[in-house]
There are 2 protein chains.
Amino acid sequence: MTSEQSKSDISRARILDAAAKMFRQKGYAATTLIEIARAAGMQAGSLYYHFGSKDELLEEVLDIGMRRVHEAVEESQERLPADSSHRDRIRVAVEAHLTTLLKHDDYTSANIRIFGQVPEEVQQHHIRQRDAYAELWRHIFTKAQKSGALSSDVNLGVVRMLLMGALNWSVEWYRPGRTSIQAIADHMCLMLFNGVGIEEPAQSRENETVT
Amino acid sequence: MTSEQSKSDISRARILDAAAKMFRQKGYAATTLIEIARAAGMQAGSLYYHFGSKDELLEEVLDIGMRRVHEAVEESQERLPADSSHRDRIRVAVEAHLTTLLKHDDYTSANIRIFGQVPEEVQQHHIRQRDAYAELWRHIFTKAQKSGALSSDVNLGVVRMLLMGALNWSVEWYRPGRTSIQAIADHMCLMLFNGVGIEEPAQSRENETVT
DNA sequence: TCGTAAATCTAATGTACGTTCGAAACATGT
DNA sequence: ACATGTTTCGAACGTACATTAGATTTACGA
């Protein structure tokens with residue numbers, strides 16, 4: 001009881017880490033407590049000293065995952081100078097979301113991957129938290145649009161969902177070592193702000209801007 | 001044996017429909033054969049007259065789902081006049097993908113939602129099919145870039161994955177009746193080609209183009 | 001060194017599920 | 001009406017799993 005990290009805390013953390021990792025990989029229903037326990041270095045029965053049930057364990061994984069990405073994006077905004085451009089505000093939010101997702105965070109990616117297939121009762125418990133995170137983004141986007149940084153004649157809700165989708169889906173294809181997280185964020189922002197299309201030189205008017 | 005649709009074929013289809021629907025909703029492992037059978041109007045044991053195992057049933061659902069979206073996008077290209085712009089080619093591909101996904105197709109959305117959490121052996125069986133679909137998109141994008149319709153200094157692979165993510169993620173949030181599928185496709189293409197950003201009037205140079 | 005509480009183990013329990021198989025019901029051609 | 005093939009039923013089997021509870025070990029203060 002002397003160290004700030006009691007043995008119980010350490011075991012708890014190991015269990016959560018293992019659970020997040022496996023939930024993310026195989027989904028909730030397909031992951032067995034035996035596997036989680038083994039990955040955490042103990043027997044299945046021992047899990048019940050730390051968690052009341054498999055569902056409870058799941059809920060904590062989901063909670064941690066959402067909290068982490070929420071805090072990361074929130075902090076990205078607070079770290080920014082007060083007079084930053086709205087493009088920069090969105091840019092760092094994108095970077096924060098993506099980095100949390102792809103850099104060692106099994107919790108957040110587990111949340112994103114499995115949430116839709118989790119027992120309905122568990123989903124209900126987390127709707128508030130999800131809404132709060134959505135609200136954070138909605139706020140950033142609305143401010144940007146009102147101040148003229150985003151086109152005023154687009155449906156911001158749709159744009160936001162498409163953006164979140166593009167980012168979230170990266171957990172399905174991103175593999176460390178190929179494309180950097182920064183490069184993905186850059187491409188995302190480029191698409192969002194400027195698009196990657198070029199005036200089609202159909203009849204060809206002026207060809208100065210293109211290399 | 002007289003009708004072109006034998007009783008067996010009808011039952012088979014009912015089972016597949018039920019399976020696709022439930023796989024999509026609850027995931028593979030969490031869906032029981034008892035539920036599928038009930039939704040198809042029969043007993044669990046009867047499923048085995050039509051399918052060798054739960055995995056086999058899953059594989060057929062996945063196969064149908066991928067085939068449908070592949071064919072839809074392929075046909076969208078063939079239907080187009082040969083001299084169509086590359087923007088139009090991409091636009092109809094986006095529309096085809098999205099429409100297949102969101103309009104009654106539990107098969108395709110089941111595939112997209114659960115593929116990452118399906119037994120590894122089953123995944124292996126479908127990699128070829130997935131690659132073929134990716135190749136279809138890669139081809140469309142590469143042609144567009146080579147002919148100057150897409151910026152030449154972006155990583156096309158990343159752009160393509162971000163686009164697919166934005167589209168695929170719609171199965172997580174789209175609900176019929178709110179935003180039309182067409183509107184989503186339009187927003188996606190607008191983002192892809194032009195972006196939704198507006199020149200920030202930070203120090204304000206020329207304000208002619210903005211309303 | 002001892003005693004107590006914390007942490008884990010081990011074995012058992014009940015249940016839900018995938019699967020099997022012979023019997024029953026159904027359809028169809030003669 | 002019969003016979004044969006098709007389709008579904010219903011009950012049973014084995015297994016894998018979440019969960020429980022008492023025994024056992026470990027950590028640690030007195």
Side-chain angles (χ1 to χ4, degrees), chain A residues 1-23 25-62 110 114 117-122 125, chain B residues 1-23 25-62 110 114 117-122 125:
Chain A
M1 240 185 266
T2 30
S3 62
E4 40 180 299
Q5 282 276 86
S6 73
K7 184 177 183 188
S8 177
D9 290 340
I10 294 173
S11 289
R12 233 185 113 83
R14 288 166 66 93
I15 295 170
L16 284 167
D17 283 352
K21 185 174 187 173
M22 313 223 56
F23 285 162
Q25 277 176 5
K26 318 182 35 177
Y28 176 61
T31 299
T32 141
L33 290 184
I34 297 174
E35 294 171 306
I36 294 176
R38 182 173 34 208
M42 55 176 64
Q43 299 291 327
S46 310
L47 299 179
Y48 285 82
Y49 179 78
H50 303 277
F51 300 92
S53 69
K54 191 186 178 188
D55 270 26
E56 209 173 279
L57 177 53
L58 168 66
E59 297 217 32
E60 189 145 348
V61 169
L62 293 178
I114 74 179
Q117 295 161 23
V118 131
E120 200 164 348
E121 178 214 348
V122 177
H125 286 183
Chain B
M1 243 185 267
T2 30
S3 63
E4 41 180 297
Q5 283 276 85
S6 75
K7 185 178 185 187
S8 176
D9 289 340
I10 294 172
S11 290
R12 233 183 112 84
R14 289 166 65 93
I15 295 170
L16 284 167
D17 284 351
K21 186 174 187 175
M22 315 224 54
F23 286 163
Q25 277 176 4
K26 319 184 29 178
Y28 176 60
T31 300
T32 141
L33 290 183
I34 296 174
E35 294 171 306
I36 294 175
R38 182 174 33 206
M42 55 176 63
Q43 301 289 330
S46 309
L47 299 179
Y48 285 81
Y49 179 78
H50 303 277
F51 299 93
S53 68
K54 192 186 177 189
D55 271 25
E56 208 173 280
L57 177 52
L58 168 66
E59 298 217 31
E60 188 144 349
V61 168
L62 293 178
I114 74 181
Q117 296 160 22
V118 131
E120 200 164 348
E121 178 214 348
V122 176
H125 287 183

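Here the structure is a predicted model, which is why all the values come from computation and not from measurement. Each chain gets a letter, A, B and so on, in the order the sequences are listed, and its residues count up from 1.
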Atom CZ of R38(A) to atom C1' of dT10(C): distance rounded to whole Å? 17 Å

Measure from CZ on R12(A) to P on dA7(C) and round the result to the nearest Å. 11 Å

Roughly how many Å is it from CD1 in I15(A) to P in dA7(C), rounded to a whole number? 11 Å

With the side chain counted from C-beta on, respond yes when I114(B) and L62(B) share a heavy-atom pair under 4.5 Å apart, and no when they do not. yes

Taking CG from L57(A) and P from dT19(D), how many angstroms apart are they, rounded to a whole number? 10 Å

Given 3.5 Å as the limit, does a donor-acceptor pair link the side chain of T31(A) with the main chain of G27(A), or not? yes

Would a distance-only check, ignoring hydrogens and angles, find a side-chain to backbone donor-acceptor pair under 3.5 Å from R38(B) to Q43(B)? no

At 10 degrees resolution, what angle do the end axes of the helix from dT1(C)-dA30(D) to dT30(C)-dA1(D) form when each is taken over five base pairs? 10°

Just how far, in rounded Å, is P of dT20(D) from CD of E56(A)? 11 Å

Could you tell me whether the side chain of S11(A) reaches within less than 4.5 Å of the side chain of Y49(A), counting heavy atoms only? no

For M22(A) and dC17(D), give me the distance from atom CE to atom P, rounded to whole Å. 12 Å

Are K54(A) and E59(A) ion-paired here, with the side-chain N under 4.0 Å from a carboxylate O? no

Would you please test Q25(A) and Q117(B) for side-chain contact (heavy atoms from CB on, under 4.5 Å) and show each step? CA-CA 7 Å; Q25(A) 277 176 5; Q117(B) 296 160 22; over 6 Å; no

Close side-chain approach of T32(A) and M22(A), heavy atoms under 4.5 Å: no

Distance in angstrom units between L47(A) CG and dT10(C) C1', rounded: 14 Å

Pairs under 3.5 Å (N/O, protein and nucleotides 15-18 of chain C):
| residue | atom | partner | partner atom | Å |
| --- | --- | --- | --- | --- |
| dG18(C) | OP1 | K54(B) | NZ | 3.0 |
| dG18(C) | OP2 | T32(B) | OG1 | 3.3 |
| dG18(C) | OP2 | L33(B) | N | 2.9 |

Flag side-chain contact, heavy atom, 4.5 Å: I36(B) against L57(B): yes

Thinking salt bridges, do E35(A) and K21(A) make one under a 4.0 Å N-O criterion? no

I want to check something: taking the side chain as every heavy atom from C-beta on, are V122(A) and Y28(A) in contact at a cut-off of under 4.5 Å? no

Could you go over nucleotides 8-13 of chain D and give all protein N or O partners under 3.5 Å, atom names and distances?
| residue | atom | partner | partner atom | Å |
| --- | --- | --- | --- | --- |
| dT8(D) | OP1 | S11(B) | OG | 2.5 |
| dT8(D) | OP2 | H50(B) | NE2 | 2.6 |
| dC9(D) | OP2 | Q43(B) | N | 2.8 |
| dC9(D) | OP2 | S46(B) | OG | 3.0 |

Can you check side-chain contact (heavy atoms from CB on, under 4.5 Å) on F51(B) and E60(B), steps first, answer last? CA-CA 10 Å; F51(B) 299 93; E60(B) 188 144 349; 3.7 Å; yes

